[in-house]
Trainee: 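Here it is, the structure, as C-alpha cells.
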Amino acid sequence: MKMYKNSFLLILIVTQFTLAQEKEKEQKKEKPEELKEVVVEKETKTLTNKNGNIKVDVANSIYKSSPTTLDLLARLPKIQITPEKDGISVVGKGIPLLYIDNQSVDMNEFNALAVEDIKAIEIINNPSSKYEANGRVVILITRKFSKKEGYKIVLSENASFKKYFNNYSGINASFKTGKLEFKTNFNYNQITVWESNGNDFNMPDYDIHSNYLVTAVTKRPQFLYGGGIFYKINEDDYLTFNCSRKSQDDTFDIKTHTFNQEQSTINYINTLNRNDENRGFTNVFLNYNHKIKSLDANLFSGFQYSNFNQQMESVIFNDYNDTGSELTQQRNQKFDVNVFSGRTDLEKKFKNEMKLELGALYLSANADTHFTIENINPASTTKSYYNYKEQNITAYSQLSGSLKKINYTVGLRAENTIVKGKYATENTFSVDKDYINLFPKAEIGMTIDSSNTISVNYAKSIIRPNYSSTSQASAYINPYFVWANNINLNPTITDEISINYEYKYKSLRLSFYKTKNPVYYGASYNDSQDLLTFMTTNFEKESGVSMELTIPFKHKFWTTTNVVNVGYTKIEDSAALTMETKPSVYIYSNHIFSLPKEIEVSLTGWGYTKQKLGIFERSGLITFDAAVSKKFFKAFDCALSWSDIFRKMNYRGDFTINNIAARGIYYTDSSVISFSVKYSFGKIKKSEFKERSIDENAGRIN
C-alpha cells in the first residue's frame, strides 16, 4: 500500500511540473520577443564566368588570406607571375592593363594596395574602348566601400616559410558616418627573397663558351600605408580621395660562379656584388562622379599623380682562379619618374537601351636617370645622365545597345603620343617620336536562347615600354655579362579577332592575333668591351591562335573552376634562329569545398606543357596549391596554405639570337607554407543611406 502511495505522489509531482512548463510556454507565446534585426545571407560564388570574363569574389572567399596582392593574383586562373616578381602576364593574352576602380594603375600602385581593401577581381578578355589601348586584357580590381555606419578595424598577421622566414603584419581601419567614409591602412612586411638562375652561352663567331650560376638573397623591410576619403554628395554624386605609399630598403649580395673560355684562355671567377637599394612609390588620386540631370547622363572625372624613385649603390669584387678577391667596380644608380594624368568620361543612356560613352585622357611623364661607374683597375669613370619625357593625349567614343536578340558594342580610340629622350652630353635627341594611333574595337553578340549566346570580337591594342626601360641601371652578373634596359624600344601593336560561345556559365573561345614589334629578352655581344648583354628587344613579328575552354561547376558544397587553353604561338626575327614551333597546353583547376562550421578548403593545380615558340623554347611547368580557412568567434579569420607543394616551379628557356646560343635555367622560391590570422572588431549598424554600386564594367611604372 505504501508503494502505491509513493507512486501516486511521484505521478502528482511530475504532472504539476509538466503543467508548470506548459503554462510558461503559453506565457512566452502571449509575449513574443522583439525582433531587432533580420540578416539575409546570400550565397556568393567565388569564381564566375560570364561573356568569357572571369570574376573572383575576394572579400568573401579564401583568397582574402593572401599576404600580398601579387600572391593573390598568382592563385587566379590564367595569371602568370615572372620569376623576379615584377611582372604579370595572362595566358594567351600577354601583359595585362591594371585598373583599380576607374583608374589605370601600374605594378607599384597595385602592390601598394592592401588585400583587405579588395572586394573583387575581374579578368576582362575583351576590354572596351573605355579602357586604355595599352593591352589585350584588363585586370579590374574593385575596392570595398561600406554600406553600414560605424567603424571596423582589422588586424592581420601572416607568417610564411620559404627558404627563409617572411612576416606580413597590417592594420586596416574604416569609419563611416552618414555620407562620409574614411579608410586607412598600415602594413609592415619583413621579407627575405631568394633568387637564382644560370645560363650557358656559346658564341662560335668569337670561339667563346661561358656559363654562370647566380644566387641572390635580399633582406627587404617594407612599409605600405595610405588613406582615403569617400564622400557621397547626394544619391548620384560622390567624391573620393586616396593616397598610398610604399617604401622598402633592399640589402642583397649577388654571388656568381662563372666558367669562361675564350679561345684557349680559361677563367674561373667568383663574383660578389654587394648592393644597398631603397625604393619609394607614392600614388595620389582624386575622383568625382556627377549626374547631369538635364541630360540624364553621368560624368566621371579623375586626376592622378604618381612618383617612383630608386637609388642603388653597388660594390663589386672578383676572384679570378682563386687568386684572391679584389675590388673591381663601384656603381651608383639613381632613377626618378613622375607621372600626372587626368581623365573624364561621359555616359549617356537612352530609352531604347542604347548607351553612348565619350571620354578623354591626358598623361604627362618625366623620368631622370643618373648612372655612375668607377672602375678600379685600370682606373676610369663613366657618368651618364638621361632625361625622358612622354605626353599622351587620348579621345574615345563608344556606342552599345541591343536590337532584338543582337547585342553590339562599337568603339574607336585615338591616341597621340609624343616621346623625347636625351643624354645630357648630346645635342640631339636619342629618342624623338610623335605618332597617332587609332584603335577600333567591336563586339557583336547574339542570344540564341536563355542558355546559349555567341559573340564575335575584334580589337586593336598597343603595349608601350615601361618607364623603367628608360633607366640606364644594369645588373652586373660577372665581368663578361650584364642585364640591361633598352631605351630604344618601340611600342607593340596587336590585332586580334575572337569568337566566344557560352552555354550557361561554360564558355568556348577561339582567337587569332598578329603582333608587330613584340618585346622579349635578346642577347648581343660587344667584342671591344668583351661584354655580353641581355636586354629587352623588339622582334619583328608574332602570331598565334588559341582555343580556350572554361568550365565552372557547383554541386552542393563543392565548387570548381577549370580552364584549358590550347595555343600555337610563333615568334619570328631575322636575327634569331627559328626553331620548331608546336602547340602547347595550359590547364588550371581550382576546387573549393565549403564545409560545416565555416571551414573552407581550396585545392588548386595548374601547369603547361613544353612551349616551342619559334625562337624560344621553354620547359613545361606544373604546380599544386592547397589552403584551408576557418572563422572563430565571428572575429578571427584563420588560414593555412601551402603553395607549390611538390617544388616544381623551376623551368628552362633556350634561344639563339645574333648567333649567340643561350640555355638558361631559372629557380624560384615559390614553395611556401603560410599561416594567417585576421582579427576584426568594431561597431557596425544599419544605415538608411543608400549607395549605388560602382560600375564594374568600367602599368607602366616598374
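Just so it is clear, the values below take in all heavy atoms, side chains as well, and ignore hydrogens, waters and symmetry mates.
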Trainee: Where do I81 and A74 come nearest, in terms of heavy atoms and distance?
Mentor: CG1-CB, 3.8 Å
Trainee: Check the orientation of W483 and F534. Use parallel for under 30°, tilted for 30 to 60°, and perpendicular for over 60°.
Mentor: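 It falls in the perpendicular class, over 60°.
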Trainee: Please answer whether the main-chain N or O of I191 pairs with a side-chain N or O of N167 as donor and acceptor at a distance below 3.5 Å.
Mentor: no
Trainee: Does a side-chain N-to-carboxylate-O contact under 4.0 Å join E496 and K93?
Mentor: yes
Trainee: For the residue pair F593 and F557, categorise the inter-ring angle as parallel (less than 30°), tilted (30 to 60°) or perpendicular (more than 60°).
Mentor: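 Ring orientation of F593 relative to F557: tilted.
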Trainee: Which of parallel (below 30°), tilted (30 to 60°) and perpendicular (above 60°) describes F481 and F201?
Mentor: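 The arrangement is tilted - the two ring planes meet at 30° to 60°.
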Trainee: Is it the case that S674 and S641 place a side-chain donor and acceptor less than 3.5 Å from each other?
Mentor: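 Yes - a donor-acceptor pair under 3.5 Å links their side chains.
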Trainee: Output, in order, the C-alpha distance, side-chain angles, deciding distance and verdict of side chain to side chain donor-acceptor pair (under 3.5 Å) for S546 and S511.
Mentor: CA-CA 5 Å; S546 68; S511 64; 2.8 Å; yes
Trainee: Checking Y520 against I571 for the side-chain contact (heavy atoms from CB on, under 4.5 Å) test, could you report, in this order, the C-alpha distance in whole Å, the side-chain angles of both residues, the deciding distance, and whether it holds?
Mentor: CA-CA 10 Å; Y520 296 94; I571 306 167; 3.5 Å; yes
Trainee: Does K78 pair with E548 as a salt bridge, N-O distance under 4.0 Å?
Mentor: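 A salt bridge is present here (some side-chain N lies under 4.0 Å from a carboxylate O).
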Trainee: Answer yes or no: is there a donor N or O on one side and an acceptor on the other, between the side chain of N166 and the main chain of T192, under 3.5 Å?
Mentor: yes
Trainee: Run F616 and F539 through ring pair (Phe, Tyr, Trp, His ring centres under 6.0 Å) and show every step you take.
Mentor: CA-CA 12 Å; F616 299 95; F539 290 77; 5.7 Å; yes
Trainee: Under the criterion side-chain contact (heavy atoms from CB on, under 4.5 Å), I'd like the reasoning laid out for Q190 against Q222: C-alpha separation, chi angles, the key distance, then a yes or no.
Mentor: CA-CA 6 Å; Q190 187 63 53; Q222 186 181 77; over 6 Å; no
Trainee: Quick one about N478 and T256 (side-chain donor to acceptor, distance below 3.5 Å, no hydrogens or angles considered), yes or no?
Mentor: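 Distance-only check fails for T256 and N478.
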Trainee: I would like to know whether R75 and S66 meet side chain to side chain donor-acceptor pair (under 3.5 Å); could you show each step before the answer?
Mentor: CA-CA 9 Å; R75 300 168 67 181; S66 303; 3.0 Å; yes
Trainee: Atom CE in M649, atom OG1 in T668: separation rounded to 0.5 Å?
Mentor: 5.0 Å
Trainee: Of all heavy-atom pairs between N189 and S169, which one has the smallest distance, and what is that distance?
Mentor: OD1-N, 3.9 Å
Trainee: Taking side chain as C-beta onward, heavy atoms only, is T258 less than 4.5 Å from S210?
Mentor: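 When only atoms from C-beta onward are counted, S210 and T258 do touch, with a gap below 4.5 Å.
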Trainee: Can you name the nearest heavy-atom pair linking G567 to N565, along with the distance?
Mentor: N-OD1, 3.7 Å
Trainee: Let's go through D250 and R220 carefully: what are the C-alpha distance in whole Å and the side-chain angles of both, what is the deciding distance for salt bridge (charged side-chain N to carboxylate O under 4.0 Å, His left out) to 0.1 Å, and is it a yes or a no?
Mentor: CA-CA 5 Å; D250 291 357; R220 178 178 296 162; 3.0 Å; yes
Trainee: Under 3.5 Å, is there a donor-acceptor pair between the S314 and N275 side chains?
Mentor: yes
Trainee: Do V214 and K255 make a side-chain contact, defined as non-hydrogen atoms from C-beta onward lying under 4.5 Å apart?
Mentor: no
Trainee: So which heavy atom on L613 is nearest to which on T581, and how close?
Mentor: C-OG1, 4.1 Å
Trainee: Do T48 and P552 come within less than 4.5 Å of each other through their side chains, counting heavy atoms only?
Mentor: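 The answer is no; the side chains never approach within 4.5 Å.
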Trainee: If the test is side-chain contact (heavy atoms from CB on, under 4.5 Å), which one of V137, I121, L73 qualifies with I79?
Mentor: L73
Trainee: Measure the acute angle between the ring planes of Y586 and W606, then classify it against the limits of 30° and 60° as parallel, tilted or perpendicular.
Mentor: tilted
Trainee: Starting at OG of S156, measure out to CG of N187 and round the result to the nearest 0.5 Å.
Mentor: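 These two atoms lie 6.0 Å from each other.
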Trainee: Considering non-hydrogen atoms only, spot the tightest contact between S619 and R652 and give its length.
Mentor: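 Looks like OG-N, 2.8 Å.
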Trainee: Backbone N or O of M535 within a donor-acceptor pair of the T537 side chain at under 3.5 Å?
Mentor: yes
Trainee: So does E540 get a backbone contact from the side chain of D573, meaning a donor-acceptor N/O pair under 3.5 Å?
Mentor: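 Indeed, once roles are kept as given, a pair shorter than 3.5 Å links the two residues.
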Trainee: At what distance, to the nearest 0.5 angstrom, does OH of Y188 lie from CG of L224?
Mentor: 12.0 Å
Trainee: Taking 4.0 angstrom as the limit, do E542 and K514 come out as a salt bridge?
Mentor: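 Salt bridge between E542 and K514, a charged N being under 4.0 Å from a carboxylate O: no.
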Trainee: Can you tell me how far apart OG1 (T69) and CD1 (I118) are? Round to the nearest 0.5 Å.
Mentor: 6.0 Å
Trainee: Angle class for the W558/H591 ring planes (parallel below 30°, perpendicular above 60°, tilted otherwise)?
Mentor: parallel
Trainee: Tell me, yes or no, whether the heavy-atom count around M547 atom CE, taken from other residues, nucleotides or ligands under 6.0 Å, exceeds 12.
Mentor: no
Trainee: Do the side-chain N and O atoms of N273 and T271 include a donor-acceptor pair separated by under 3.5 angstrom?
Mentor: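 Their side chains do not contain a donor-acceptor pair, so the 3.5 Å distance test is not met.
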Trainee: Scan side-chain atoms only and decide if N126 and R136 contain a donor-acceptor pair under the 3.5 Å cut-off.
Mentor: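 Side chains of N126 and R136: no pair found under 3.5 Å.
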Trainee: Is it the case that atom CZ in F317 sees more than 12 heavy atoms from other parts of the structure closer than 6.0 Å?
Mentor: yes
Trainee: From L532 CG over to Y212 OH, what is the distance, rounded to the nearest 0.5 angstrom?
Mentor: 9.0 Å
Trainee: Report the C-alpha distance between Y513 and T569 in whole Å, list the side-chain angles of each, state the deciding distance to 0.1 Å, and finish with yes or no for side-chain contact (heavy atoms from CB on, under 4.5 Å).
Mentor: CA-CA 9 Å; Y513 74 92; T569 300; 3.4 Å; yes
Trainee: Any heavy-atom pair between the side chains of S670 and R647 that's under 4.5 Å?
Mentor: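 No, too far: nothing below the 4.5 Å cut-off.
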Trainee: With a 4.5 Å limit on heavy-atom distance, are the side chains of E277 and Q310 in contact?
Mentor: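 Side-chain contact under 4.5 Å: yes.
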Trainee: Are a donor atom and an acceptor atom from the side chains of S474 and R331 found within less than 3.5 Å of each other?
Mentor: yes
Trainee: List the steps, then state whether side-chain contact (heavy atoms from CB on, under 4.5 Å) holds for K648 with N650.
Mentor: CA-CA 6 Å; K648 296 294 185 180; N650 304 325; over 6 Å; no
Trainee: Give the C-alpha distance, both sets of side-chain angles, the deciding distance and a yes or no for salt bridge (charged side-chain N to carboxylate O under 4.0 Å, His left out) between E617 and K610.
Mentor: CA-CA 8 Å; E617 187 173 297; K610 190 173 184 177; 3.4 Å; yes
Trainee: Check whether any side-chain heavy atom of V91 lies under 4.5 Å from a side-chain heavy atom of Y588, and answer yes or no.
Mentor: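 They are not in contact (no side-chain heavy atoms under 4.5 Å apart), so the answer is no.
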Trainee: For the backbone of A523 and the side chain of N658, can you confirm whether one donor and one acceptor N or O come within less than 3.5 Å of each other?
Mentor: yes
Trainee: Could you tell me if the side chain of D117 sits less than 4.5 Å from the side chain of N172, heavy atoms only?
Mentor: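 A side-chain contact under 4.5 Å exists here.
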Trainee: Quick one: are I208 and N260 in side-chain contact, heavy atoms under 4.5 Å?
Mentor: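 Contact flag for I208/N260 side chains = yes.
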Trainee: With D644 as reference, evaluate D669, T623, V672 under the side-chain contact (heavy atoms from CB on, under 4.5 Å) test and give the passing residue.
Mentor: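 Output: one option passes, namely T623.
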Trainee: Would you give the length of the straight line joining atom NZ of K612 to atom OG of S584, rounded to the nearest 0.5 angstrom?
Mentor: 11.5 Å
Trainee: I need the minimum non-hydrogen distance between F624 and G605, along with the two atoms involved.
Mentor: CD2-CA, 3.8 Å
Trainee: Would you say N538's side chain and N517's backbone share a donor-acceptor pair under 3.5 angstrom?
Mentor: yes
Trainee: Angle between ring planes, F281 versus F308, binned at 30° and 60°: parallel, tilted or perpendicular?
Mentor: tilted
Trainee: Does the side chain of N49 pick up a donor-acceptor pair with the side chain of S507 at under 3.5 Å?
Mentor: yes
